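Read through the structure below, which is laid out as structure tokens, and then see the notes.
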Amino acid sequence: MTGYLEVICGSMFSGKSEELIRRMRRHIIARRRAVIVKPSIDTRYDRDRVFSHDGNSLAARSIDPAVPEAIDELAWAEGSQVVGIDEAQFFAEGIVEVVEKLVRRGLRVLVAGLDMDFAGRPFGPMPTLMALADDVTKLKAICARCGEPATFNQRLINGQPARRGDPIVLVGGKETYEARCRRCHEVAP
Ligand code: ZN
């Protein structure tokens, strides 16, 4: 196989994990040796699976996001031909070098992740991975306010729009997220 990098990006609730699972299933049906990884901080449902919001799932390996080199080691050890990476925005910048290495070696790499954080800023290694990709798919959710296509992540802390300076990981307080369009997206000053 020729190395190939595809990126599936978009906001929360846009179906990124669902699309990653759909594409990975096709490789599995084609009997290619495939492995899916995700950062170990994503404990939403299960440490050993990737889930979409509609309940679909595939087995996945949890990797420390600070050590993306572990993805390369895993791919070597498993003799992988296809590597799927979910929630890629949480990995350290070193993931860019790892992905380039895998693609140069002829692997097919599928990356899914948030392209923007709650304040609409490019998120972690995603913009670089999108630039390097052979193919980029940007999925849209539906705005929770007005029903238009949504590309932004609305972060609410105790029901109020989060401030730009609020830490990405909140300690205490109740936070929720919803998809919003550009017009309805709010960031408190
Ligand atoms: Zn809207």
Side-chain angles (χ1 to χ4, degrees), residues 5-26 36-47 49-58 60 65 84-93 95-96 99 109-189:
L5 172 60
E6 47 200 287
V7 172
I8 303 159
C9 67
S11 67
M12 295 170 88
F13 314 110
S14 64
K16 297 185 300 299
S17 296
E18 193 180 339
E19 179 62 15
L20 177 66
I21 289 169
R22 190 185 75 83
R23 293 186 193 181
M24 290 301 290
R25 279 234 166 89
R26 295 168 66 86
I36 307 183
V37 300
K38 63 177 190 174
S40 47
I41 47 169
D42 179 32
T43 53
R44 273 188 307 180
Y45 305 94
D46 190 320
R47 291 191 64 241
R49 300 194 80 73
V50 163
F51 282 82
S52 65
H53 287 286
D54 64 8
N56 250 320
S57 76
L58 271 184
I85 305 171
D86 199 24
E87 302 286 355
Q89 75 277 359
F90 290 129
F91 281 99
E93 284 291 334
I95 195 171
V96 172
V99 165
V109 181
L110 294 78
V111 170
L114 294 170
D115 48 355
M116 289 188 279
D117 69 8
F118 70 92
R121 296 168 294 211
F123 206 153
M126 288 300 291
T128 308
L129 292 169
M130 288 162 71
L132 295 169
D134 296 278
D135 181 79
V136 178
T137 302
K138 182 155 175 160
L139 298 174
K140 295 182 181 71
I142 297 296
C143 177
R145 272 271 170 89
C146 74
E148 289 295 313
T151 50
F152 287 85
N153 302 300
Q154 180 64 51
R155 184 187 192 197
L156 300 163
I157 298 177
N158 300 320
Q160 296 301 313
R163 287 175 311 225
R164 196 168 299 277
D166 280 331
I168 298 277
V169 178
L170 182 75
V171 182
K174 188 181 174 294
E175 70 173 343
T176 51
Y177 284 91
E178 53 189 41
R180 296 254 184 114
C181 70
R182 190 184 293 277
R183 214 157 49 95
C184 298
H185 180 245
E186 294 172 278
V187 181

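Just follow the structure's listing: the first ligand is 1, and inside any ligand the first atom is 1. Nothing fancy with the numbering, it's 1 onward along the sequence. Predicted, not measured: the structure shown is a model, and the values here were computed from it.
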Identify, with sequence neighbours excluded, every residue that meets side-chain hydrogen bond (donor to acceptor under 3.5 Å, both in side chains) alongside Lys140.
none
Between Arg180 and Glu186, is the closest basic N to carboxylate O distance under 4.0 Å?
yes
Does Glu19 have any salt bridge (charged side-chain N to carboxylate O under 4.0 Å, His left out) partners at least two apart in sequence or in another chain, and if so, which?
Arg22, Arg23
Check side-chain hydrogen bond (donor to acceptor under 3.5 Å, both in side chains) between Arg121 and all other residues, then give those that pass, not counting sequence neighbours.
Asp117
What residue among Val136, Asp115, Val111 forms side chain to side chain contact (heavy atoms under 4.5 Å, CB included) with Leu129?
Val111
Heavy-atom neighbours of Arg164 CZ exceed 12 at 6.0 Å
no
Please report the number of protein N, O or S atoms that lie less than 2.8 Å from the Zn ion (ligand 1).
4
